[in-house]
Amino acid sequence: MRVATWNINSLKARLERVLAWLASADADVVCLQELKCATADVPVEAFKTAGYDVAAWGTGRWNGVAILSRVGLADVREGIAGQPDFDGQAEPRALTATCGGVRVQTLYIPNGRDTADAHFPYKLAFLQALAADAASDAAADLPFAAMGDYNICPTDDDIWDVDEWTGTTHITPAEREALDAVKAAGLADVFPRALKYDRPFTFWDYRNLDFPKNRGMRIDLALANPAFTAAVTDAFVDRNERKGKGASDHAPLVIDLDL
DNA sequence: ATGCCGAAGTTACTTCGA
């Protein structure tokens with residue numbers, strides 16, 4: 001089985017590229033983030049024609065998550081237990097489903113914006129809720145992975161130049177401790193291989209020639225329970241998908257499982 | 001060449017992203 005996670009930065013703007021990637025990537029299950037569209041506007045028929053069932057949760061302009069599956073899609077759950085609100089709303093940032101004998105979760109962790117912004121404690125609170133919520137799936141016999149855009153570089157090696165990011169979000173000890181608490185629930189980082197260069201970055205900003213200069217970050221992660229981890233045969237970042245006109249600023253993380 | 005930001009709501013500018 002092949003599973004993947006990909007922040008597509010607008011489903012409407014990216015639909016043709018997403019469909020083209022599905023046609024060549026041979027993925028059975030795909031977790032998507034940043035749909036930037038409402039659930040009712042998700043092109044379910046286009047995915048069905050491509051062979052995929054869809055579970056989606058979106059509210060419009062920002063956020064939005066989905067799971068595509070061609071191996072079944074059952075027991076769908078929106079959000080996580082104890083998910084904090086932002087501006088009085090529960091944002092569409094998590095969706096969990098069982099697909100072909102694997103429990104998968106698509107996650108779009110809040111960005112944080114700035115360490116002094118209200119979005120930053122929201123990010124930490126979201127991760128705290130996730131750590132508690134993930135414990136039962138982490139301990140289960142069913143393979144489980146919480147995959148998506150965590151908006152955190154786990155270590156200094158996961159960013160092109162940590163000194164350029166002093167004092168910013170994504171690299172702070174508070175965020176890394178919150179991520180460690182999620183892992184402590186019983187989940188391990190499925191570390192991918194890079195298709196080029198030495199580090200498997202998953203995001204490159206559109207600005208400043210960041211992609212050609214490989215100024216990237218590894219912020220899209222798959223945190224997996226022991227049953228999932230034991231089945232992993234390969235993992236890589238499909239950086240080729242970051243190339244060309246109309247690319248998302250994130251590349252897909254692809255994981256192969258012997259299941 | 002992988003190439004100098006892009007998406008979306010609203011309609012010329014603003015917010016957001018990492």
Side-chain angles (χ1 to χ4, degrees), chain A residues 5-18 20-21 32-43 58-66 86-87 89 91-93 107-124 126-127 148-176 178-179 194-221 236-253:
Chain A
T5 181
W6 187 15
N7 179 323
I8 54 173
N9 185 19
S10 169
L11 180 53
K12 185 181 176 188
R14 211 73 56 215
L15 182 60
E16 291 310 311
R17 278 194 73 133
V18 171
W21 188 78
L32 300 176
Q33 302 88 36
E34 279 210 86
L35 305 186
K36 293 185 172 176
C37 74
T39 305
D41 296 327
V42 172
T59 50
R61 189 172 182 184
W62 290 302
N63 314 310
V65 286
F86 190 71
D87 279 345
Q89 303 287 326
E91 296 182 318
R93 294 180 175 277
L107 281 174
Y108 180 45
I109 302 298
N111 172 287
R113 297 180 186 165
D114 185 280
T115 55
D117 194 291
H119 216 251
F120 192 73
Y122 170 52
K123 180 179 194 174
L124 299 179
F126 195 104
L127 288 160
D149 181 356
Y150 280 77
N151 272 316
I152 299 170
C153 301
T155 73
D156 288 353
D157 285 335
D158 295 308
I159 183 166
W160 61 280
D161 184 353
V162 72
D163 293 332
E164 290 282 331
W165 285 72
T166 302
T168 70
T169 60
H170 292 63
I171 60 167
T172 67
E175 289 163 279
R176 287 176 174 168
L179 181 63
L195 295 189
K196 189 178 180 183
Y197 304 119
D198 57 338
R199 292 181 287 179
F201 296 143
T202 64
F203 165 87
W204 300 261
D205 200 290
Y206 288 121
R207 293 166 282 193
N208 308 120
L209 288 170
D210 276 4
F211 182 59
K213 292 180 177 176
N214 200 33
R215 295 176 173 178
M217 308 167 80
R218 188 176 75 94
I219 54 175
D220 297 270
L221 311 173
F236 62 93
V237 180
D238 186 4
R239 74 185 302 284
N240 291 322
E241 182 52 42
R242 182 61 180 79
K243 298 177 182 178
K245 187 174 174 57
S248 170
D249 42 4
H250 294 251
L253 167 62

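First the proteins, then the strands, lettered A, B, ... as listed; each starts at 1.
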Legend entry - Donor on one side chain, acceptor on other, A:H170 and A:N151, under 3.5 Å: yes

Legend entry - Sidechain N-carboxylate O distance under 4.0 Å for A:R242, A:D210: no

Inset, instruction - Between B:dC4 and B:dG9, how far apart are the C1' atoms? Round to whole Å, please. - result: 26 Å

Inset, instruction - May I ask you to say what A:N214 touches in the nucleic acid, namely base, sugar-phosphate or nothing, with a heavy-atom cut-off under 4.0 Å? - result: nothing

Legend entry - Distance below 4.0 Å between A:S10 side-chain N/O and B:dG6 OP1 or OP2: no

Legend entry - Earlier contact from the 5' end, DNA chain B, for A:R14 and A:N63: A:R14

Inset, instruction - Look up atom OG1 in A:T115 and atom CD1 in A:I171, then write down how far apart they are to the nearest 0.5 Å. - result: 10.5 Å

Inset, instruction - Answer yes or no: does a side-chain N or O of A:H119 lie under 4.0 Å from OP1 or OP2 of B:dA18? - result: no

Legend entry - B:dT10 versus B:dG6 - spacing of their P atoms, nearest Å: 23 Å

Legend entry - A:R215 vs B:dA18: side-chain N/O to OP1/OP2 distance below 4.0 Å: no

Inset, instruction - Starting at CG of A:L124, measure out to CG of A:L179 and round the result to the nearest 0.5 Å. - result: 11.0 Å

Inset, instruction - Would you kindly say whether A:K36 and A:N9 are connected by a side-chain donor-acceptor distance under 3.5 Å? - result: yes

Inset, instruction - Classify the side-chain pair A:T59/A:E91 by whether it contains a donor and acceptor separated by less than 3.5 Å. - result: no

Inset, instruction - Under 4.0 Å between any heavy atoms, over every strand shown, what does A:G112 touch: base, sugar-phosphate, or nothing? Just pick one. - result: nothing

Legend entry - Phosphate-side-chain proximity, A:N9 and B:dA18, N/O vs OP1/OP2 below 4.0 Å: no

Legend entry - Length of the OH-P vector between A:Y108 and B:dG17, whole Å: 5 Å

Legend entry - Integer-rounded Å distance: B:dC16 P and A:N7 CG: 17 Å

Legend entry - Atom pair distance, as rounded to whole Å: CG in A:N240 and C1' in B:dA1: 13 Å

Inset, instruction - Determine, for A:W204 and A:R239, whether the Lys NZ or Arg CZ falls below 6.0 Å from the six-membered ring centre while staying within 45 degrees of the axis. - result: yes

Legend entry - Nucleotide B:dC16, atom C1' - distance to CZ of A:R93 in whole Å: 11 Å

Inset, instruction - Whole angstrom is fine here: how far is it from CG in A:D41 over to C1' in B:dA8? - result: 13 Å

Inset, instruction - Pick the P atom in B:dA18 and in B:dA8, then give their distance to the nearest Å. - result: 15 Å

Legend entry - Nucleic acid contacts - residues 201-213 of chain A versus DNA chain B, non-hydrogen atoms under 4.0 Å: A:F203, A:Y206, A:R207, A:N208, A:L209, A:F211, A:P212

Legend entry - Pairing residues for A:F203 by the ring pair (Phe, Tyr, Trp, His ring centres under 6.0 Å) criterion, not counting sequence neighbours: A:H250

Legend entry - Nearest-angstrom distance from the residue atom CH2 of A:W62 to C1' of B:dT10: 12 Å

Inset, instruction - In whole angstrom, give the distance that lies between atom CZ of A:R242 and atom P of B:dC4. - result: 10 Å

Inset, instruction - Could you state the atom-to-atom distance from CG of A:L35 to P of B:dG9 in whole Å? - result: 13 Å

Legend entry - Phosphate OP1/OP2 of B:dA18 contacted by A:N111 side-chain N/O (<4.0 Å): yes

